[in-house]
Amino acid sequence: MELLLKADRLLKQRKLVEAIAEYSSTIGKLQASSSLKVLSSAYNSRGQCFYLQVEFYKAIDDYTDSIKLDPTNATAWYNRAQVKYRLNNFSDAKVDIAKALEISPDFEDAKNCLSAIEDAAGDKI
């Protein structure tokens with residue numbers, strides 16, 4: 001995870017363009033040689049940068065890549081649900097948030113997200 005430290009710092013500082021560049025560089029380095037969990041984390045974090053830049057479809061792509069690499073990454077499932085919720089895709093958001101809660105039943109933010117999805121969707125789900 002040491003490879004991700006610089007990018008993580010940039011994300012915390014909200015230097016999103018620089019963070020995306022650093023995550024992209026790290027992803028390139030990790031693809032050939034690293035653990036799937038670390039690579040999954042890098043995709044998830046870069047997705048967060050895209051989300052904060054309101055580039056929702058790029059965020060979804062990165063969260064999806066993160067999930068493919070580590071299907072037990074509850075945070076990636078939660079993050080993708082959040083984006084789908086923002087895009088009013090309530091049924092898909094509910095599927096993703098349910099998966100996050102299946103993996104991590106005590107994930108409080110995911111529980112709150114599920115309530116928000118159900119409230120917003122009403123009869124649409």
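For the atom pair CD1 (I20) and OG (S25), the distance works out to 13.5 Å, reported to the nearest 0.5 Å. Atom CZ of residue F90 and atom CG of residue D119 lie 10.5 Å apart, to the nearest 0.5 angstrom. In this structure, OG in S41 is found 6.5 Å from CG in D8, a value given to the nearest 0.5 Å. One finds the SG atom of C113 at 12.5 Å from the CD atom of E108 (value rounded to the nearest 0.5 Å). In this structure, the separation between SG on C49 and CG on L11 is 4.5 Å, given to the nearest 0.5 Å. In this structure, CG in L4 is found 11.5 Å from CG in L10, a value given to the nearest 0.5 Å.
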Apply side chain to side chain contact (heavy atoms under 4.5 Å, CB included) to residues F50 and L16 and explain how you reach the verdict.
CA-CA 8 Å; F50 285 131; L16 301 177; over 6 Å; no

Go through the steps for N73 and N44 under the test side chain to side chain donor-acceptor pair (under 3.5 Å), then give the verdict.
CA-CA 9 Å; N73 185 339; N44 184 62; 5.0 Å; no

Between T75 and N79, is a side chain to side chain contact (heavy atoms under 4.5 Å, CB included) present by the stated rule, with each step listed?
CA-CA 6 Å; T75 302; N79 286 340; 3.6 Å; yes

Quick one: side chains of residues 51-63, donor-acceptor pairs under 3.5 Å with protein atoms, not counting sequence neighbours, listed by atom name and distance.
from: Y51; atom 1: OH; to: R86; atom 2: NH1; distance (Å): 3.2
from: E55; atom 1: OE1; to: K58; atom 2: NZ; distance (Å): 3.0
from: D62; atom 1: OD1; to: R46; atom 2: NH2; distance (Å): 2.9
from: D62; atom 1: OD2; to: R46; atom 2: NE; distance (Å): 2.6
from: D62; atom 1: OD2; to: R46; atom 2: NH2; distance (Å): 3.4
from: Y63; atom 1: OH; to: G47; atom 2: O; distance (Å): 3.3
from: Y63; atom 1: OH; to: Q48; atom 2: N; distance (Å): 3.2
from: Y63; atom 1: OH; to: Q48; atom 2: OE1; distance (Å): 3.0

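In plain terms, the two heavy atoms of A116 and Y85 that are nearest each other are O-CE1, 3.7 Å. The two residues K84 and D96 come nearest to each other via the heavy atoms NZ-OD2, 3.0 Å. A100 approaches A74 most closely through the heavy-atom pair CB-O, 3.6 Å.
Taken together through direct or relayed side-chain contacts under 4.5 Å among Ile, Leu, Val, Met, Phe, Trp and Tyr, I67 and V95 form parts of separate hydrophobic clusters.
With contacts defined as side-chain heavy-atom distances shorter than 4.5 Å, the pair D70/L36 does not qualify. Side chains of K6 and R9 form a contact here, defined as non-hydrogen atoms less than 4.5 Å apart. Put simply, the side chain of R80 does not reach to within 4.5 Å of the side chain of D92, judged on heavy atoms. In this structure, the side chains of I97 and W77 stay at 4.5 Å or more apart for every pair of heavy atoms.
The environment of NZ in K111 is crowded: more than 12 heavy-atom neighbours from other residues, nucleotides or ligands sit within 6.0 Å.
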